[in-house]
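In listed order, ligands and their atoms are each counted from 1.
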Amino acid sequence: MRLSRGFIPTLKETPNEAQIASHRLMLRAGLVRQTSAGIYAWLPLGLRVLRNIERIVREEQNNAGAQEILMPTIQPAELWRESGRYDDYGKEMLRIADRHGREMLYGPTNEEMVTDLFRQSVKSYKELPQNLYHIQWKFRDEVRPRFGVMRGREFLMKDAYSFDLDHAGAVASYRRMMLAYMRTFQRMGLRAIPMEADTGPIGGDLSHEFIILAPTGESQVFYDAAFEEIDAIAGGYNHDRPDDLARFFQEMTSHYAATDEKHDTERWNRVDAGRKREGRGIEVGHIFSFGTKYTKAMGVTVAGPDGKPVHPEMGSYGIGVSRLVGAVIEASHDGSGIVWPDSIAPFKAAILNLKPGDAACDALCEQLYAALNGNALYDDRPDRAGAKFADADLMGHPWQIVVGPRGAAAGSVELKRRATGEKSEVTPEEALRRMGQG
Ligand code: ATP
Ligand code: MG
């Protein structure tokens, strides 16, 4: 993308409605704009990040054997009456009526709908297990939408739903998703910690929230430093091996970790003083295992091995895809702007042409732009160098390639790594090679 033609409306001033860094930076770098309270339009730069996060989430869900579907945002009230949640859900649910007066709602989650899809088609235990997921917009009429996309009213969620014949199967599905989640967050450069959680309106017996640390987090968290050494990717855990899943689950649940709601001072006091860690946390995912709650309420059975009807056991697994854009920024920014992890950056690099119109600068920039094949934002605007440096830092591209007239004449560029600030004078070929693009 050429910046002179791009729709990337950056702001110099700090918008005063934004209380936390990620919200300020998302507005200032031109990622999103609010259209009404808690509802945002995603602009080109922001959408590229959202799509990159979605891609990682999707790859890890698919890897873990979940199958992607796409359920609608609008649901019939009827289904929610069957589960008994239509009245329980309260004011957070946006209720609407169609022209025939039929009661509908904008889905805040999809347990009922997926259970209905399942019951229409699955008749035998032989078709189990199943795990279905989608990445779809949700609406929750939050009392106090705030912090930009972190607590919106309309937000993008990945939600998966597992169906198993028995409890042992449900536990395996739960562990498989826990592994997928840890891998997902790690690939985004985040250290997430699973913490025991209340099951809330979804109900059930086993539940973990995935929390990342950031000073602006909404809850106080307490955890054992052992979590700082866990590597879900290098650990070599296989989703299909029950022993691996058990070993992984053991590793994830044997050390202390709790949010303030579930904090147990007695257990906390038993943690070695040198390993106690405390801070603020942001919830980026939440998984539940709730047995036959919905299959019983909605009368769903499959034929079991002995021919008798069985209620399948379910679990549901959410990731806040749009919240993650803000959460990653909370975890990775500095005084000059965003510092994107390579895996989700909107562009791998910015090419800064310090003298547009200079034949050598233009030629070198065009050559780099072509070599980066859609993965670079080319700052070809006729602006001052200072403004270009500031915008590139603000937008947070992992690399900056600075092309000035003196270097261009001598066949060199300056390569800067955003995360460390490290700069080096290299040939264009060497710059591409260091970026893994040569
Ligand atoms: P919270 O405790 O933050 O209100 P929740 O427990 O109600 O979230 P879940 O039903 O577990 O949320 O939804 C799964 C995930 O969706 C959450 O872990 C979070 O990342 C994301 N999420 C929930 N509510 C919002 C929201 N209002 N805006 C953005 N993301 C959200
Ligand atoms: Mg939750």
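Applying the salt bridge (Lys or Arg N to Asp or Glu O under 4.0 Å) test between Glu68 and each of Arg58, Arg55, Lys158 identifies Arg58 as the sole match. Applying the side-chain contact (heavy atoms from CB on, under 4.5 Å) test between Met395 and each of Leu25, Asp379, Leu3, Ile338 identifies Leu3 as the sole match. With respect to Ile53, the side-chain contact (heavy atoms from CB on, under 4.5 Å) criterion is satisfied by exactly one of Leu156, Thr184, Ile344, Ile319: Ile344. When the options Asn131, Ile69, Asn110 are evaluated for a side-chain contact (heavy atoms from CB on, under 4.5 Å) with Tyr161, the one that passes is Asn110.
An N or O contact shorter than 3.5 Å is missing between Ser322 and ligand 1 by distance. For Gly152, a nitrogen or oxygen atom sits less than 3.5 Å from a nitrogen or oxygen atom of ligand 1, counting backbone and side chain alike. Annotation: Glu218 places no N or O atom under 3.5 Å from an N or O atom of ligand 1; distance criterion only. Considering backbone and side-chain atoms alike, Arg153 places every N or O at 3.5 Å or more from each N or O of ligand 1.
When the options Arg151, His286, Lys158, Met157 are ranked by their closest heavy atom to atom 13 (O) of ligand 1, first place goes to Met157. Among Phe155, Tyr317, Phe147, the residue whose heavy atom lies closest to atom 26 (C) of ligand 1 is Phe155. For atom 9 (P) of ligand 1, the nearest non-hydrogen atom from the set Arg140, Arg144, Met150 belongs to Arg140. If you check each of Glu283, Glu209, Arg323 against atom 2 (O) of ligand 1, the one with the closest non-hydrogen atom is Glu283.
Taking the six-membered ring where the residue is Trp, Phe222 and Trp268 present perpendicular rings, their angle passing 60° and hence far from 30°.
Residue-level proximity to ligand 1 for Thr109 is absent, since no heavy atom of it falls below 4.0 angstrom.
Applying the 4.0 Å criterion to heavy atoms of Gly285 picks out, from ligand 1, the atoms 18 (O). If you number the atoms of ligand 1 from 1 as listed, the ones under 4.0 Å from a heavy atom of Glu142 come out as 24 (N), 26 (C), 27 (N). Numbered from 1 in the order shown, with element, the atoms of ligand 1 that lie under 4.0 Å from a heavy atom of Val149 read 29 (C).
Panel note: side chain Lys262, backbone Ala257; no donor-acceptor pair is recorded below 3.5 Å.
Side chain to side chain, Tyr294 and Arg85 meet the donor-acceptor criterion of an N or O pair below 3.5 Å. With hydrogens and angles left out, the side-chain atoms of Gln400 and Asp393 include a donor and acceptor closer than 3.5 Å.
Residue contact check for ligand 1: Asp159 places no non-hydrogen atom closer than 4.0 Å to it. For Val284, the closest heavy-atom approach to ligand 1 falls below 4.0 Å.
Centroid-to-centroid, the aromatic rings of Tyr256 and His263 come within less than 6.0 Å.
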